[in-house]
Amino acid sequence: MSTPAAEQPPPSQISLKGNQALTFSFYALVIFMAGVQTFIMFRGLNSAAGMDQAQIAREIARGNGFLTKCIRPYAWQQMIAGGHDVPLTEMKDTFQPPLQPLIWAPVFKALEKWSAYEPKGGSAMYLLDRVIACIGVVWLLLALALTYFTMRRLFDERIAAVTGFILILCQPLWDVAVSGSPQALMLFLFALAFWAFAHALRRATAGESALGWLLVTALACGLMMLTHVLAIWIVLGFVMSAALLMPPRRLFSSLVIAVVPALALAGLMMRNYAVCGDMLGAAKGTLQALLIFGRDETLLRDFVSMNSPVVIDSILRKLAANLQFQVERGLFHLAFIPAAALAVMACVHRFRKPDVGAARWALALVWVFVLAGMLLIGLDQEQLDDNDLYCILVPAMTGFGVAMLAVFWTRLNLDTNLFLKEWGFAIVAIAVSIIPIFNKLPQGLRVGLSYQGRLANWPPYMPDRFAALTKLVENNEVLFCDAPWAIAWYADRTAVWMPVARKQFETMRAKTEANGEKVAGFVITPVSSKVERLTEVFDGTYREWADIIYRGPMLAFPQTEVRPSAPFEYNAVLPLMAVPLPETGGLNIMLCYYADRVRWDPPGKARTADAK
C-alpha cells in the first residue's frame, strides 16, 4: 500500500543517514583515492618548503635541534651580523616555521632504521617521502571531515554530502596533500578554526556564551602562525570577523582570538633573536619582499643583506600585475572547483539563519585579507605555490558555493521527478568539478602501475640522482646549488643557495674556508635553466650564472661549447641527468655536478672542460 502524499516527508527532510549503500560508496571512494594518490601516482615531494622542513625534521630526529642544511645567503649574513658566525654545518634555521618539522620528527625517529636513502632496483622513491605524503593525506581527510560537519551545521546534510564528494574528487587538493607543503597542515588547521568559529557564531547569535569555541579558534590560529609565515593574513581575517560579527562583546571576542597567535609569534621572535640577533629571523626577507617589486628569492639569495628601498610606484605596479594575473587564473587558485567560485554570490545572498549569514561574512573577510597578502607576495604562474593561501579556503568556499547552487536550482521551479528536483544541483556541481581528476587519474594510474616507483617529479627533481652526491661529498664540505632544499633532503649534505651576485661567491667561499669547511662544487638543476623567454637567460634572477647554468645543456653541441665568462675552478663535470642527442652525438646535461676535482670512479665517464 502506497504512502499517502500527506504523510510523505517533505524534500527538505530527506536524509542521507539511512542510505547505507551511499555511505559505503563514499568511504570506499576515500580509501581508493588515498591509496591511489600515495602508492600508485605518487612521485615524491615537489614542494621546496616541504623538502626544507623535512630535512630540518630529520635533524631534530637525530637530536641536533633545528639545524638546517639548506643555507640561504640572507640567513647566513644575518647570523654573521648578529655575532653568530658558525660553520655552515652548524647553522640553525630561522626561516621555516617549526610546527610541521616538530610533527614529522617523532615519525622520522621511529623510522630511523630506514632513514638512509639508498636507491635500489631502479626505484627513485625515498621511503620518508611516502611517509610525508601519507601524513599529508591524513591532514586533508581531517580537513574535509571538519568541512563536512561545518556545512551540515550551517545548512543540511545534503549540502555537506555534495561538498564532501566534490572535495574528495578534487585532484589539485590531493596534489597539495602529497607534496609535502605546509599547505596540507594549513588545510586542516583552517578547517578547524572555521568549524569552531561557526559554532561560536551560532552560540553568540543565540545569546549564549561562545568563549569555549573562541578559544578553539584561537588555538587553531596560533598553530597556523607556527605553520606558515604568511598565516598572519588568515589570523587577521578571523580577528576582524570577531570584531565585526560576534555579538555582544565584539572587542573581547577579537582579543580572545588574537592572544594565542600573538603569544606564538612572540615565542618565535624571542627564539629568532637568541639564534641570529633578529626577531624576524630569515623570514624577514619574505616580509620585506611584500614592499618591493618581485618575489623574496632575490632578497634571500643576497649575501650583502642590504635593505631594499621601498618605492611606492613599484608596489602599485606589483599590486596591479598580481591582481590581473590572479584574476585571470582565478579558477586555478580555487583548485578548478567552479562551485568554490560561487561562494562570491553567497556574500550578496540573504540567508534566513543569522549564524549562516555571519559565517559567510567571516569567510569573506578572511578571503579579503588573504587576497591582500597574495597581491603583495605574488604567486607562481604555472603551478601551486607554497605561499598560495587561496587553496586553504577552497573547502569552505566550496560548501557555500554548493549551497548557492542549491538555491539557484530551487528557484528554477522544475516540474520533474523528485530526485532531479532535489539532487539535480548536486549532479551539476559534481560533474563540472571532477574534470581535472578525470584528466589526470587514468593516465596517472596507467603510468604509476607500469613504472612502480621509478618516476620522479622531473623536472626539476630527481631524488636518486641527488642521493648519488652523498658518497661524493664529505659531511664537512659544502655545495652551491639552485635548489639547496633538494640537496639537503635527498643528499643529506649542506647546500648554499647560489648568490644573486656572482662576486659574492668569493666572499662566501672565503668565509666557508675560514670556518674549516670546503666548497665541493656546484649542482645545477632545471630550477635555474627554465625560462619562458630567451631573454630571461640574460635578465632573469640567475643571469650572472648563465654561462654555468647553460654550459651543461650546450655540451650536447660539441662545436658550440660554452666557456665560463669569469674564473671558475669547478671544471670536473659529472652528468647526473642527461639526454643523448643522436643528431650531434652529445649529451644534453639537464642536471649537472661541477666538482673541484674528479670525485667519482671511473673517471673516464666524466667529461672535463677547460675553462681557461
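- Ring geometry for Phe332 against Phe336 counts as perpendicular: the plane angle is over 60°, on a 0 to 90° scale with 30° as the lower cut.
- Residues Met397 and Trp367 have side chains in contact (heavy-atom distance under 4.5 Å, counting atoms from C-beta outward).
- Side-chain atoms of Asp296 do not come within 3.5 Å of backbone N or O of Thr286 as any donor-acceptor pair.
- Atom CG of Leu67 has more than 12 neighbouring heavy atoms from other residues, nucleotides or ligands inside a 6.0 Å radius.
- Sorted by first and then second residue, the pairs that involve residues 25-52 and meet salt bridge (Lys or Arg N to Asp or Glu O under 4.0 Å), not counting sequence neighbours, are Asp52-Arg72.
- Identified under the salt bridge (Lys or Arg N to Asp or Glu O under 4.0 Å) test for residues 101-111, with sequence neighbours left out: Lys109-Glu112.
- Every residue meeting the salt bridge (charged side-chain N to carboxylate O under 4.0 Å, His left out) condition with Glu208, not counting sequence neighbours, appears here in chain and number order: Arg203.
- In this structure, the separation between CD1 on Ile168 and CG on Leu141 is 5.5 Å, given to the nearest 0.5 Å.
- Looking at every heavy atom in both residues, Met186 comes nearest to Ala231 through CE-CB, 3.8 Å.
- Residues Val216 and Leu219 are not in side-chain contact: their nearest non-hydrogen atoms beyond the backbone lie 4.5 Å or more apart.
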Please test Gln78 against Phe95 for side chain to side chain contact (heavy atoms under 4.5 Å, CB included), starting from the C-alpha separation and ending with a verdict. CA-CA 11 Å; Gln78 197 176 54; Phe95 182 79; over 6 Å; no

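- At least one side-chain heavy atom of Asp129 sits under 4.5 Å from a side-chain heavy atom of Trp489.
- Dense packing is recorded around CZ of Phe66, with more than 12 heavy atoms of other residues, nucleotides or ligands lying under 6.0 Å away.
- Atoms CD and CG, on Gln288 and Leu280 in that order, are 8.5 Å from each other to the nearest 0.5 Å.
- Residues Leu389 and Met374 meet the side-chain proximity criterion, which asks for heavy atoms closer than 4.5 Å.
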Determine, stepwise, if the pair Leu102 / Ile60 fulfils side chain to side chain contact (heavy atoms under 4.5 Å, CB included). CA-CA 8 Å; Leu102 287 173; Ile60 297 174; 4.2 Å; yes

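- For Asn272, there are no side chain to side chain donor-acceptor pair (under 3.5 Å) partners two or more places apart in sequence or in a different chain.
- Without hydrogens or angle criteria, Asn387 side chain to Gly378 main chain gives no donor-acceptor distance under 3.5 Å.
- No option in Arg329, Gln326, His333 other than Gln326 meets the side-chain hydrogen bond (donor to acceptor under 3.5 Å, both in side chains) test with Tyr390.
- Using a 4.5 Å heavy-atom threshold, the side chains of Leu128 and Trp104 count as separate.
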Pairs of donor and acceptor atoms involving the side chains of residues 189-201, under 3.5 Å and at least two apart or interchain, shall be tabulated with distances.
from   : atom 1 : to     : atom 2 : distance (Å)
Trp195 : NE1    : His199 : NE2    : 3.3

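- Separating the CD atom in Gln53 from the CG atom in Leu45 is a distance of 11.0 Å, to the nearest 0.5 Å.
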Acceptor/donor pairs from residues 237-247 side chains to any protein atom, 3.5 angstrom cut, sequence neighbours excluded:
from   : atom 1 : to     : atom 2 : distance (Å)
Ser241 : OG     : Gly237 : O      : 2.7
Ser241 : OG     : Ala362 : O      : 3.4

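- Remark: side-chain polar atoms of Arg360 are paired, donor with acceptor, to backbone N or O of Gly357 under 3.5 angstrom.
- Every side chain to side chain donor-acceptor pair (under 3.5 Å) that Ser181 has, sequence neighbours left out, goes to Gln183, Asp386.
- Between Arg130 and Phe39 the shortest side-chain heavy-atom distance falls below 4.5 Å.
- More than 12 heavy-atom neighbours from other residues, nucleotides or ligands sit within 6.0 angstrom of NZ on Lys318.
- Taking 4.5 Å as the limit, some side-chain heavy atom of Arg158 sits within range of a side-chain heavy atom of Trp423.
- When all heavy atoms are compared, the tightest approach of Gln171 to Ile437 is OE1-CG1, 3.4 Å.
- Residues passing the salt bridge (charged side-chain N to carboxylate O under 4.0 Å, His left out) test with Arg58 are Asp492, sequence neighbours excluded.
- With sequence neighbours left out, Arg250 forms a salt bridge (charged side-chain N to carboxylate O under 4.0 Å, His left out) with no residue at all.
- For Thr68, the side chain to side chain donor-acceptor pair (under 3.5 Å) partners two or more places apart in sequence, or in a different chain, are Gln55.
- A search for salt bridge (charged side-chain N to carboxylate O under 4.0 Å, His left out) contacts involving Asp278 returns Lys284, not counting sequence neighbours.
- Between the Ser433 side chain and the Ile430 main chain, no donor and acceptor come within less than 3.5 Å of each other.
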The test is side chain to side chain contact (heavy atoms under 4.5 Å, CB included); show your working for Trp233 and Leu376 and say whether it passes. CA-CA 11 Å; Trp233 297 104; Leu376 286 170; 4.0 Å; yes

Could you walk me through whether Tyr148 and Leu167 pass the side chain to side chain contact (heavy atoms under 4.5 Å, CB included) check? CA-CA 10 Å; Tyr148 171 84; Leu167 296 176; over 6 Å; no

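- Residues Ile159 and Thr163 share a closest heavy-atom pair of O-OG1, 2.8 Å.
- Note on residues 161-189: pairs passing salt bridge (Lys or Arg N to Asp or Glu O under 4.0 Å), not counting sequence neighbours, are Asp175-Lys440.
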